[in-house]
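A quick write-up on the structure given underneath.
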There are 2 protein chains.
Amino acid sequence: MNTEHKPLDYPLSRDEVVQLLQQYKISPTRQRIEIASYLFQRPQHLSADRILDGVNVVGHRVSRATVYNTMGLFTEKGLVREVLIDRERVFYDSNNSHHHHIYNVDTGELRDLDSVHVDVQGLPTLEPDLDVVSTEVIIKVSSR
Amino acid sequence: MNTEHKPLDYPLSRDEVVQLLQQYKISPTRQRIEIASYLFQRPQHLSADRILDGVNVVGHRVSRATVYNTMGLFTEKGLVREVLIDRERVFYDSNNSHHHHIYNVDTGELRDLDSVHVDVQGLPTLEPDLDVVSTEVIIKVSSR
DNA sequence: TTGCGTGCAAACGCTTTGCATATTA
DNA sequence: TAATATGCAAAGCGTTTGCACGCAA
């Protein structure tokens, strides 16, 4: 998995998308480019279904299976993050900077929280054979 | 929702389970008592399916629908927490003390992390109409 | 021409729901 | 006896998979 996180300059041009895919060792097929272009218009949280709709409005047709395959691949390669907060579906996060989330349990709104401002301290020492993959902070808020 | 979190003394006796349910404004039917007794044997993370199996081994029969209804109710009332980390299924957490989680992405193991040792600082000021429901820290680790 | 990627439809698995029956207050 | 809870089976829905076809190296 690519662990670099140079800040991206949203929205990404087609060429930048291609470079990004290659950088993450993903061969840039037409469908993958279209999906990534849609994702990296801006930092956002999208479900597979919304990606499918979004891509098929602007570009050529991409099948549901390809969206799922592609998002699985993008996640595996570290290009996007899965956000598992909503019980209903998985969200894919195109914000590649280090950040946390604020989730409104009443509206379902998912907002980014810049990790520069958040500090997690006092973690225990883990077994030496364990690598920390990520540290996520999720603040759940209610507007009721 | 009941927000008290007196430390529980695991495992809970049948009487303590009944009191706990009443404290959370849940009327203690036979099935709910059996499910809660199974959950509160110890702090643990269980899927609906494992609850179903566990309850039906030791006690009377409880249906799948009742397990789902009951866990939905327990969650709504604040008796247990849903932990949404694994894409496959929801885990219900019977540890009622304030804590975070360490999730091993390779083995699927989910471990508690006492919140006494973790400090989250630098949260932004939220809109005044928003209440913070919870602050969760999830450390993902890999053993590969 | 060999392997990888895509698309369709069917299958899958967790969860929810409709409705009849049972239990509780 | 009215309201709530339970159980069964079927339906729902996001996601995955099998397989044939297409495309690229």
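These numbers come from the heavy atoms of this one structure, side chains and all, not from hydrogens, waters or symmetry mates. Chain letters run A, B, ... following the sequence lines, proteins first and then strands; every chain starts at 1.
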Under 3.5 Å, which donor-acceptor pairs link side chains of residues 133-141 of chain B to any protein atom two or more places apart or in another chain?
unit_1   : atom_1 : unit_2   : atom_2 : d
B:Glu136 : OE2    : A:Lys140 : NZ     : 3.4
B:Lys140 : NZ     : A:Glu136 : OE2    : 3.4

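Residue order along DNA chain C, read from the 5' end via each residue's closest nucleotide, puts B:Ala48 first among B:Arg30 and B:Ala48.
Checked against side chain to side chain contact (heavy atoms under 4.5 Å, CB included), B:Asp131 has no partners two or more places apart in sequence or in another chain. With sequence neighbours excluded, the residues that form a side chain to side chain contact (heavy atoms under 4.5 Å, CB included) with A:Phe74 are A:Leu21, A:Ile26, A:Arg32, A:Ile35, A:Ala36, A:Leu39, A:Thr70, A:Met71, A:Leu79, A:Val80.
At a threshold of 4.5 Å between non-hydrogen side-chain atoms, the residues B:Arg50 and B:Ser47 count as touching.
If you measure from atom NZ of A:Lys77 to atom C1' of C:dG5, you get 14 Å, rounded to the nearest angstrom. Atom-to-atom, CD of B:Gln22 to P of C:dT24 comes out at 14 Å; the value is rounded to the nearest Å. Counting to the nearest Å, the P atom of C:dT15 and the CG atom of B:Leu73 are 17 Å from each other. Atom CZ of B:Arg32 and atom P of C:dA22 are 19 Å apart (whole Å). When rounded to the nearest whole Å, the span between CG of B:Asp53 and P of C:dC14 equals 11 Å. Counting to the nearest Å, the P atom of D:dG12 and the CG atom of A:Asp49 are 17 Å from each other. A straight line from NE2 of A:His60 to P of C:dG5 spans 20 Å, rounded to a whole angstrom. Taking atom NZ of B:Lys25 as the reference point, atom P of D:dA5 lies 15 Å away to the nearest angstrom.
Expressed to the nearest 0.5 Å, how far CD of A:Gln22 lies from NZ of A:Lys25 amounts to 9.5 Å.
Residue contacts shown for B:Ser27 are limited to sugar-phosphate atoms, with no base heavy atom under 4.0 Å away.
Scanning residues 63-71 of chain A for heavy-atom distances under 4.0 Å to DNA chain D yields A:Arg64, A:Ala65, A:Tyr68, A:Asn69. For the contact set between residues 86-95 of chain B and DNA chain C, defined by any heavy atom under 4.0 Å, the members are B:Glu88, B:Arg89, B:Val90.
At D:dG14, none of the side-chain N or O atoms of A:Ser47 fall inside 4.0 Å of OP1 or OP2 (strictly under the cut-off). Note on B:Gln31: a side-chain N or O is less than 4.0 Å away from OP1 or OP2 of D:dG7. Applying the 4.0 Å criterion to OP1 and OP2 of C:dC8, one finds that A:Arg61 has a side-chain N or O inside that range.
Of all heavy-atom pairs spanning B:Pro28 and B:Ile33, the tightest one is O-CD1, 3.6 Å. What you find for B:Phe91 and B:Asp86 is that their closest heavy atoms are CE1-CB, 3.7 Å.
Every pair passing ring pair (Phe, Tyr, Trp, His ring centres under 6.0 Å) that includes a residue from residues 28-53 of chain B is listed here, sequence neighbours excluded: B:His45-B:His101.
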Go through the steps to decide whether B:Gln31 and B:Thr66 satisfy the test side-chain contact (heavy atoms from CB on, under 4.5 Å), and finish with yes or no. CA-CA 8 Å; B:Gln31 289 85 339; B:Thr66 298; 4.0 Å; yes
